[in-house]
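Every heavy atom of this structure was used, including side-chain atoms; hydrogens, water molecules and symmetry mates were not. Letters go in sequence order (proteins before strands), and every chain restarts at 1.
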Number of protein chains: 4
Amino acid sequence: MPKLSERKKQMVEKMMRGALYQAASSVMSEYGWPGLTMDRVAEEAGVSKGTVYNYFKDKKELVWFVITNLALDIEERLKNIIESHQSCAETVKEIVMKELQGRREHGHLATAIIHAFHEEPELRKRMLSSDHPFNRVDKMIEDLFARGMEKGEFRKMDPKAMQSVFSAILMGISRRWAGGRLDIGTDEMSDFIISLLNEGIVRKDN
Amino acid sequence: MPKLSERKKQMVEKMMRGALYQAASSVMSEYGWPGLTMDRVAEEAGVSKGTVYNYFKDKKELVWFVITNLALDIEERLKNIIESHQSCAETVKEIVMKELQGRREHGHLATAIIHAFHEEPELRKRMLSSDHPFNRVDKMIEDLFARGMEKGEFRKMDPKAMQSVFSAILMGISRRWAGGRLDIGTDEMSDFIISLLNEGIVRKDN
Amino acid sequence: MPKLSERKKQMVEKMMRGALYQAASSVMSEYGWPGLTMDRVAEEAGVSKGTVYNYFKDKKELVWFVITNLALDIEERLKNIIESHQSCAETVKEIVMKELQGRREHGHLATAIIHAFHEEPELRKRMLSSDHPFNRVDKMIEDLFARGMEKGEFRKMDPKAMQSVFSAILMGISRRWAGGRLDIGTDEMSDFIISLLNEGIVRKDN
Amino acid sequence: MPKLSERKKQMVEKMMRGALYQAASSVMSEYGWPGLTMDRVAEEAGVSKGTVYNYFKDKKELVWFVITNLALDIEERLKNIIESHQSCAETVKEIVMKELQGRREHGHLATAIIHAFHEEPELRKRMLSSDHPFNRVDKMIEDLFARGMEKGEFRKMDPKAMQSVFSAILMGISRRWAGGRLDIGTDEMSDFIISLLNEGIVRKDN
DNA sequence: TATGAATGAGATTTCATTCAT
DNA sequence: GATGAATGAAATCTCATTCAT
C-alpha cells in the first residue's frame, strides 16, 4: 500500500518544514536578517545543513517559507479578531492593541523580514502575486474599512489608502520600538492611535 | 599663498566625497543595502576601490556619510517649509505633500538606509545621539505639533506620539511605493492623509 | 555504534590538522613568516582555502597550532634525552648535539616562528602563559641546570640566567646556519659549545 | 660652477637619507617590522611619501639602508671600546656590558631588523656580501678573540665559532628582554655572561 | 624636486551550495 | 534521506608603488 507511506512521508516533510520555520524565526529574532545563515538555522533546528537543503531548494526558498508562515500567523490572528466583533470601529481598536502588543514582542523579527523582503528582488516579485498571505492580510484590513463605510461607521474614503496608512502606522511604530527610538508605552500608543482614527475617520452625526 | 592650494584641496575632497555619496546612493537605490559593496561604489564613481578608502576610512564611514547627507537634505527641505508658513496646519499639509513627493522619488534609498540602520549596531548607536540630523528632523516635526497645540490649532495630545505616527505614515507610504505595492497617486494620497489628520487632530470649535 | 563514526571523525580531523600543520610548516620554511598566507597553505595541503577555515578558526589559530606542535616535538626530544642520562653534564652535552642537529634541519621554520611570536601581540600573550610547551622546554632546561648544581656537577649560579644563555646559543647558532652565515660543521660547533660550558674561554695558568 | 651645486645636492641627499633613517628606526621601534609602512616613515620624517621614493627606489632599499646604518652605529661603538682597552678580556667584558645595555634600550628595533632580514630573501643575499658593516662587526669580534688567543689571554679555539656563540648570546638575551620573557637585570646578566666566559659552568674541585 | 591622490594586487574571512558517504 | 566536509565566489581592507601637477 504505497499511499500510507506516501502520506507518512508528507507528514514528515511538513513537520520538518515547520521545525525549520521555527528555527529560522528564532535565528532571525536573535541575529537579525544578515545573521540568518544556513548553519545557524540547521544548528537551531538540530539537523545538518544538508538536511535543510533537502527540504528547501536554497536560502530564498527557506526565507520565503518563513515570511509566508509569519503572514499566515498574522492572518489567523486578524481573522479571529474580526470574527469576534460586530462593530468595525471596535474591531479596528482591538487590532491596534493586539498587533502593537504582538509586534512589540517580536519587533526584531518583523524588522528582519522587512529586510529580507526588500533585499531580494526575487522575493519582492513573488510577494506581489495577489494571493500571498501578506496581501490577504492587507485585503482583510481594507475590507474591514470598506465594510465600516457601508455600515456608516466610517466616513467615505478610499479603503485602500486607509489600509496603507493603517499598516504603515503599525509597522512604523513597531520598528521604532525595536530600534529603541520610542519610549512611549504600548497602551498609551494604542489609545493615541485609536483616538486619532476615531476623530478622524468616524462620521460625526449631528 | 598656501591658503589657495589648501582651499583647492578641500574643494577636491568635498567634490570627491560628494561624488562617492552620489555613487553610493545610486548603488543603494539599484541593489539595496546588502548590494552596497565597495567595489560597486568604486565602479559607479569611476574610481578604484583604494580611492574610496582614501576618502572614507571604512564602509561604515561611507554609509554614515550617506545617511547623514540624506537627513540633511530632508532637514533643509523641512526648514524651508516651516519658515514659509504661519499656520501649523498649513505647514503640516505642505510637509505631507512635499515629503511624499520627494521620498517617492528616492524610495529605495530611504528603505536601504533603514536597513543599514537596523543592521549595524554601531550606526544605530551613533544615530541615537541627539544632534544627528535624523533626530533633528524628528524634533522639528514634534515641535511643529507642539506649537500647533499651543496656538490652539491642534487639540491636546502627546506631541512625541504624534510625531512618531506622522513619520511612520510618511515612511511607510514611501516604502510601499518603492516596493510597488501601492498604486495610488501622490496627490490623492496627500489629500487623504491630510484629511485624516485634519479631522483627527484639529480642534473643532462650536 | 556511534562511537566508531565518532572516533573516525576525530581521526580524520586529526589527520587534516596534521596535514595542514605540515603544509604550514613547509610554507613557512620556504617563504618565511610573512609569506605564510592562507592561500599558500591551502594550496600546499592540496585543499581549498575554505577547508583550512573549517579546521582553524583563523590564521592565528593555525599559527598557534604550528608553534605548539613544534614545541611539543622539542619537548619530546628533550625529555628522552634527559631521561636516558644520569650525569647532568652528559645530558647537556647530548642536548647540544641533538638540538643543533635537529634545528639545523628546520632552521627556517624556527626562525619564522620567532617572527610570528614577536609580531602578533596575541600570540605573545598566550605564549607567556606558563604551561605552554615552549615554556615547559625552558623550564626543563632550567631544572636540569639546577639539578646539576645540587649534585655538585655545576658551580653555583642563577639557573634561569643559565637557561637563557643556553637557549640563546642554540637558537642563535641555528639562525646563523639557516641564514647561511656560518659554515662550521655541526659536530665542531657542538664540541666547541660544550668545551665553552666546561671551561670558559680564559686560559688558566698553572 | 657646477661643482658647488653638485656638492650641495649631495649634501641634501645625505641629510634626507639620514632623516629617513631616523624616521624608519623610530617607526620600527614603535610598531615593529610589520608596522613599518612607507606612510608612517614619510609622516614621521615630515615629508611626503613620494619624497621617500625619490631617495629610495623601493621599500627594500630603505630597509637595507636602515640595517646598514644600524650596523654602522654598532661598528662605531665597538671600535671605540676596542681601541680604549689593552686587555682583550677587559674589552670583551665591556662589550658585554655596553651592548646588553644598548640593545636592551633598543630591543624592539633589533628584533624588527632581524625580521626584516629573514623576511626578504634579497636582503639576506645582499647581507652575505663580505664587506657589509654587519659582517665587519662580526669580524671585529672574531679578531678580538683571535688576538686574545695570540696574547695568551684566551685558550686556543676557533675564533669564528667563538664569535658566533658570543653574538648569539647578546642577540638572544636582547630578544628575551624585548619579548618580556626575562626579568633578570642588565648588570646581573652581564656579570653572569662574563663569569661564564671566564670559567665555564663546571665545578672544578681541587 | 616635492607632493599625495590614485591605483590594484593581494590578504583575511564568510557562507551558500554541492556531493560523496 | 541524512550528513557535514569541501568548495570557491565574494566582501572588506591594506599598502607598496606610480605619476600628474
Please tell me which of Leu36(A) and Gly46(B) maps to the more 5' nucleotide of DNA chain E, matching each residue to the nucleotide holding its nearest heavy atom.
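The residue mapped nearer the 5' terminus is Gly46(B).
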
Would you mind telling me which residue lines up with the more 5' stretch of DNA chain E, Gly35(A) or Met38(C), judged by nearest nucleotide?
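The answer here is Met38(C).
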
Could you state the [atom1]-[atom2] distance from [X] to [N], rounded to the nearest angstrom?
X: Leu20(A); N: dA16(E); atom1: CG; atom2: P; answer: 14 Å
X: Leu62(C); N: dA11(E); atom1: CG; atom2: C1'; answer: 14 Å
X: Lys57(D); N: dT17(F); atom1: NZ; atom2: C1'; answer: 12 Å
X: Arg40(B); N: dT12(F); atom1: CZ; atom2: C1'; answer: 14 Å
X: Glu43(A); N: dT3(F); atom1: CD; atom2: C1'; answer: 15 Å
X: Glu61(C); N: dT13(E); atom1: CD; atom2: C1'; answer: 14 Å
X: Met16(B); N: dA6(E); atom1: CE; atom2: C1'; answer: 8 Å
X: Phe56(A); N: dA16(E); atom1: CZ; atom2: C1'; answer: 16 Å

Is the phosphate of dA5(E), meaning OP1 or OP2, less than 4.0 Å from a side-chain N or O of Asn54(B)?
no

Within the 4.0 Å heavy-atom criterion, would you say Thr37(B) contacts the bases, only the backbone, or no part of the nucleic acid?
sugar-phosphate

Is Val47(A) touching bases, backbone alone, or none of the nucleic acid, heavy atoms closer than 4.0 Å?
sugar-phosphate

Spell out, as yes or no, whether a donor-acceptor pair under 3.5 Å connects the side chain of Ser26(D) to the backbone of Gln22(D).
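Between the backbone of Gln22(D) and the side chain of Ser26(D) there is no qualifying donor-acceptor contact (under 3.5 Å).
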
Whether Asp39(C) side chain and Ala42(C) backbone form a donor-acceptor pair below 3.5 Å
no

Looking at dT21(E), which nucleotide sits across from it as a Watson-Crick or G-U wobble partner, both distances under 3.5 angstrom, or is there none?
dA2(F)

Pair partner, dG8(E) [Watson-Crick or wobble, under 3.5 Å]:
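Across any shown strand, dG8(E) pairs with dC15(F).
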
Counting distance alone, no hydrogens or angles: does the base of dA16(E) have a donor or acceptor under 3.5 Å from a partner atom on the side chain of Asp58(A)?
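A donor-acceptor contact between them is absent.
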
For dT13(E), does the base pair up with any side-chain atom of Lys49(C) as donor and acceptor (N or O, under 3.5 Å, distance only)?
yes

The side chain of [X] lies closest to which of these nucleotides: [options]?
X: Tyr53(C); options: dT12(F), dT3(E), dT12(E); value: dT12(E)
X: Lys59(D); options: dA16(F), dA16(E), dT14(F); value: dA16(F)
X: Lys9(A); options: dA6(E), dG1(F), dA16(F); value: dG1(F)
X: Tyr55(D); options: dT7(F), dT1(E), dA6(E); value: dT1(E)

Which residue lies more 5' along DNA chain F, comparing Thr51(C) with Asp39(B) via nearest heavy atoms
Thr51(C)

As an exercise, state the distance from CG of Leu62(B) to OH of Tyr21(B), rounded to the nearest 0.5 Å.
11.0 Å

Please round to the nearest 0.5 Å and tell me the distance separating atom CE of Met28(D) and atom CD of Glu44(D).
13.0 Å

So for atom CD, which belongs to Glu43(C), do other residues, nucleotides or ligands contribute more than 12 heavy atoms lying within a distance under 6.0 Å?
no

Contact check, side chains of Met16(B) and Asn54(B), non-hydrogen atoms, under 4.5 Å:
no

